[in-house]
Amino acid sequence: MSKTQRFKRVGKLKQPISTTEPEHETRPSLRSKAVTIRTKPKPEPKLNPFPISDIPIDKLTILPPEFCQIDALDLAPRLLGKLLRKDDVVLQITEVEAYRPNDSACHGRFGITARTAPVFGAGGHAYVYLCYGLHSMLNVVADKEGFGAAVLIRSCAPICGLETIQQRRGQKTDKPVLLSGPGKVGQALGLTTEWSNHCLYTPGGLELLDGPEPEKILIGPRVGIEYALPEHVNALWRFAIAGTPWISAPKNTLRPP
């Protein structure tokens, strides 16, 4: 996307053949001069877990609060490709979901409570809530103060601090399963609900950094909101970077805009 793209508020879902390596070479028979040539199978390409590792992290800038103080539906696709930094861990945001005012799937529908108060703060802060009493879910608060909107960070790709991420996640892998889900992102960053209302645009702690804008994106309905009104269940408010494996399930509901 060359410019921030407006999306419909509510929408409906609408190798060459290889030779298997034989167990042994076939000797030429008396009746034939044909010889079976031993071939080596092509190794599968290794997944590169660092899609933008050539970018100097120390030269990236923290995004100003104004970046987030827009409608959550506009902010969500703009967050794709941006970076989250905490301690020695840097993650690239690859998948998000928008939650807006008057949205029956948004926590803001409950009004201002001790838990949801950060959602009603000014854009550019974190909203971290506990899901099923286990998973810390990171949201970037959107819009102006009092609106009650946020963008859920659904998936990321690791840029720095892979060992720390693996230790926090308890998984020694560099595959997308490491960060494909909002609870996994929160765990990889070492977040708890104490990080809720943390300012993302001041140095130190958890920071939101500028990053490369993706060439193409995918959109689809949000995940796990069956309790919401039909128009919100079907709204295409989930966004992901096209072509990356670092996105969560289900993937078959995502499509080009």
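For clarity, every value in this text was computed on a predicted model and none was experimentally measured.
A donor and an acceptor atom, one from each side chain of Arg169 and Gln187, are located under 3.5 Å apart. No side-chain donor from either of Arg115 and Ser196 sits under 3.5 Å from a side-chain acceptor of the other. With hydrogens and angles left out, the side-chain atoms of Ser104 and His232 include a donor and acceptor closer than 3.5 Å.
Other residues sharing a hydrophobic cluster with Val177 under the 4.5 Å side-chain heavy-atom criterion for ILVMFWY residues do not exist; the residue is a singleton.
Among all heavy-atom pairs drawn from Lys251 and Pro245, the shortest one is NZ-O, 3.6 Å.
In this structure, Asp103 pairs ionically with Arg222, as a charged nitrogen and a carboxylate oxygen lie closer than 4.0 Å. Checked for salt-bridge contact, Lys59 and Asp210 miss the test: no charged N lies under 4.0 Å from a carboxylate O.
Atom CG of Asp88 is surrounded by more than 12 heavy atoms from other residues, nucleotides or ligands within 6.0 Å.
Leu189 is listed as a side-chain neighbour of Val89, based on a closest heavy-atom distance under 4.5 Å. When side chains are defined from C-beta on, Thr192 does not count as touching Val128, because their heavy atoms never get closer than 4.5 Å. Residues Trp237 and Leu73 form a side-chain contact, since some pair of their non-hydrogen atoms from C-beta on lies under 4.5 Å apart. Contact of the Lys82 side chain with the Phe67 side chain is registered, since non-hydrogen atoms from C-beta on lie closer than 4.5 Å.
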> Should Leu75 and Val140 be marked as a side chain to side chain contact (heavy atoms under 4.5 Å, CB included) after you check the CA-CA gap, both sets of side-chain angles, and the distance that decides it?
Replying inline: CA-CA 9 Å; Leu75 176 61; Val140 176; 4.3 Å; yes

>> If you apply the rule side chain to side chain contact (heavy atoms under 4.5 Å, CB included), what do you find for Ile153 with Leu84, and how did you get there?
In response: CA-CA 10 Å; Ile153 308 300; Leu84 293 164; 4.3 Å; yes

> Does the side-chain hydrogen bond (donor to acceptor under 3.5 Å, both in side chains) test come out yes or no for Ser248 and Glu95, once each step is laid out?
Replying inline: CA-CA 8 Å; Ser248 64; Glu95 181 188 356; 2.9 Å; yes

> Do Leu179 and Ile165 pass the side chain to side chain contact (heavy atoms under 4.5 Å, CB included) test, and can you show the C-alpha distance, the side-chain angles, and the key distance before you say yes or no?
Replying inline: CA-CA 9 Å; Leu179 291 166; Ile165 296 169; 4.2 Å; yes

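His198 and Trp195 have perpendicular rings, their planes meeting at more than 60° on a 0 to 90° scale where under 30° would count as parallel.
Screening Ser155, Cys156, Pro158 against Trp246 for a side chain to side chain contact (heavy atoms under 4.5 Å, CB included) leaves a single residue, Pro158.
For the pair Arg109 and Tyr99, the cation-pi criterion (under 6.0 Å, within 45° of the ring axis) is not fulfilled.
Cluster annotation: Val185 and Val151 are assigned to the same hydrophobic cluster (Ile/Leu/Val/Met/Phe/Trp/Tyr, side-chain heavy-atom contacts under 4.5 Å, transitive).
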